There are 4 protein chains.
Amino acid sequence: MRFSINPSSVEPVYAQIARQAREAVARGTLRPGDQLPTVRELALELVINPNTIAAAYREMERAGLVRTLRGRGTFIAVIQAPASPAERRRQLQKHVEALLTEATHLGLSEEEILDAVRTVARKYRLREEKNDE
Amino acid sequence: MRFSINPSSVEPVYAQIARQAREAVARGTLRPGDQLPTVRELALELVINPNTIAAAYREMERAGLVRTLRGRGTFIAVIQAPASPAERRRQLQKHVEALLTEATHLGLSEEEILDAVRTVARKYRLREEKNDE
Amino acid sequence: MRFSINPSSVEPVYAQIARQAREAVARGTLRPGDQLPTVRELALELVINPNTIAAAYREMERAGLVRTLRGRGTFIAVIQAPASPAERRRQLQKHVEALLTEATHLGLSEEEILDAVRTVARKYRLREEKNDE
Amino acid sequence: MRFSINPSSVEPVYAQIARQAREAVARGTLRPGDQLPTVRELALELVINPNTIAAAYREMERAGLVRTLRGRGTFIAVIQAPASPAERRRQLQKHVEALLTEATHLGLSEEEILDAVRTVARKYRLREEKNDE
DNA sequence: GTGGTCTAGACCACA
DNA sequence: GTGGTCTAGACCACA
């Protein structure tokens with residue numbers, strides 16, 4: 001996958017990398033077992049301080065997105081066990097609230113938001129059926 | 001409105017305050033013209049240094065969320081002109097992508113997300129009708 | 001003359017009033033001997049704290065623009081003696097530099113600035129002939 | 001570039017620094033990509049609290065004059081897109097009016113002002129040709 | 001009484 | 001090493 005970094009964004013560079021990897025996994029561009037470039041390779045490619053790449057990989061490891069095997073490299077982890085249904089619902093609500101706050105300030109309607117969700121959802125590897133809880 | 005601060009969050013205190021005010025405006029808890037507590041009042045209430053409150057208000061001013069009238073106080077601004085339709089669409093897409101990335105990692109389905117948007121939307125002051133562009 | 005106040009400008013209200021009076025004198029809208037409204041009258045008209053109007057009048061008095069006669073009112077002063085030729089040149093240069101800094105950041109050309117000066121100059125009561133020094 | 005601070009001016013120290021940087025960019029003394037001294041360096045040089053320098057840099061960032069790269073430093077930004085032609089004209093007129101107000105009070109003639117503009121303009125990086133609008 | 005400015009100094013996130 | 005955050009506290013401009 002290709003990372004694209006904006007060094008003057010308010011989002012820290014290491015967080016941009018971790019977020020983009022997380023997005024790529026959600027879209028299926030990166031799949032469990034895929035190997036990420038080494039810290040040095042990616043540092044050279046993106047012309048970024050290796051410390052920053054290392055911080056990004058540390059963040060992804062912490063989030064359970066990747067597994068680093070010493071001497072072997074860094075690999076996308078198998079899908080992590082989702083949280084409890086209650087926790088999952090709490091998380092979803094939090095993220096939906098963030099979206100609706102921004103959409104309200106942009107002066108958008110509920111219908112426009114739902115349309116955007118439906119359109120963009122095609123690019124993501126969402127669960128096919130409802131969870132039974 | 002009530003602000004609630006988590007001093008051990010990674011999110012800076014001043015940013016927590018600004019975000020909560022932004023959310024309150026989106027929900028209609030704060031409306032244009034409403035006066036925010038004075039810097040000193042809020043500092044006393046939250047047991048936080050007045051400089052930190054002032055930084056929060058400065059940030060909101062920069063974002064166009066409030067107007068500061070010297071010697072008078074800080075007030076919620078009238079709704080700022082939204083960006084161009086193209087920019088608005090770009091912003092919406094960005095926020096929807098963030099939601100879908102998280103929802104995918106939580107193992108949720110499109111229907112569950114749409115349901116959550118519909119339910120939570122009731123708490124927000126979204127535009128009633130579609131924008132004509 | 002009519003003052004128009006923007007309470008949310010970065011320019012303090014008292015300074016807006018003093019500046020507008022200064023402009024009116026430069027354009028001939030106000031002339032030496034003209035009486036200004038009383039502090040109370042102007043405070044009522046502009047819906048502004050009388051302390052603020054008093055500060056504006058104090059500022060104009062300090063700049064030699066008006067004379068306050070106790071019990072009589074506030075009047076536009078006769079044209080103040082201009083500074084020495086050297087000081088006058090220094091002042092002019094300072095104000096021209098301020099204009100050129102802004103014009104450069106706006107991406108304007110020398111010709112556009114000169115045109116604007118010629119056009120706008122008609123509204124001002126500039127000296128007719130060159131000073132002989 | 002050299003900053004020179006007058007601590008007893010009515011203009012806040014942080015604003016003096018921001019203004020001088022803005023002037024230096026207009027004259028070409030500072031160019032896009034140039035790095036400003038670090039907050040600590042400039043604080044030592046000017047014998048001013050680092051927080052005050054940081055406030056100056058924050059203000060320049062807000063105005064789009066510089067870009068701050070976390071952990072790297074502060075750099076002059078590429079020239080910001082100027083406002084719309086109409087807005088540009090409005091701004092120019094405002095600044096020309098300010099100049100003419102002062103020049104009138106100094107008892108100067110139109111010819112003297114135009115001469116000063118022509119002379120001082122050489123020091124600025126004004127656009128070479130008229131804008132076509 | 002309101003927010004704005006500035007100092008002094010500790011500690012942290014980031015590259 | 002770079003800027004960012006936060007506290008504590010003095011003093012000032014403005015309304």
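Residue numbers begin at 1 in each chain, while the letters A, B, ... track the order of the sequences. Both backbone and side-chain heavy atoms feed into the values below; hydrogens, waters and symmetry mates do not. Being a predicted model, the structure only gives us computed values, none of them experimental.
Using modelled atom types, one side-chain atom of C/His105 and one backbone atom of D/Arg22 make a donor-acceptor pair closer than 3.5 Å. Formation of a donor-acceptor pair under 3.5 Å by the B/Arg67 side chain with backbone atoms of B/Gly33 is not found in this model. A distance-only check finds no donor-acceptor pair linking the side chain of D/Thr52 to the backbone of D/Ile48 [under 3.5 Å].
In this structure, the separation between CD on C/Gln35 and OG1 on C/Thr74 is 7.5 Å, given to the nearest 0.5 Å. In this structure, A/Arg19 CZ and B/Thr101 OG1 are separated by 8.5 Å, a value rounded to the nearest 0.5 Å.
Rounded to a whole Å, the CD atom of B/Gln16 is 15 Å from the C1' atom of F/dG4. Rounded to a whole Å, the OH atom of B/Tyr57 is 17 Å from the P atom of E/dT5. Between B/Glu41 atom CD and E/dG1 atom P there is a gap of 12 Å when expressed in whole angstrom units. Remark: P of E/dG3 and CG of B/Leu42 are 10 Å apart, rounded to the nearest angstrom.
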(Q) Across nucleotides 6-15 of chain E, 5' to 3', mark each nucleotide with B, S or - according to how protein heavy atoms within less than 4.0 Å reach it. (A) BBBB----BB
**Q.** Step-by-step side-chain hydrogen bond (donor to acceptor under 3.5 Å, both in side chains) determination, B/Gln16 to B/Gln20
**A.** CA-CA 6 Å; B/Gln16 292 180 42; B/Gln20 288 177 26; 4.6 Å; no
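For B/Asn6 and B/Ser8, the side-chain atoms include at least one donor-acceptor pair closer than 3.5 Å.
Scored by the side chain to side chain donor-acceptor pair (under 3.5 Å) test, D/Glu87 finds D/Arg90, D/Gln91 as partners (sequence neighbours excluded).
Within the helix from E/dG1-F/dC14 to E/dC14-F/dG1, the inter-axis angle between the opening and closing five-pair segments is 30°, rounded to 10°.
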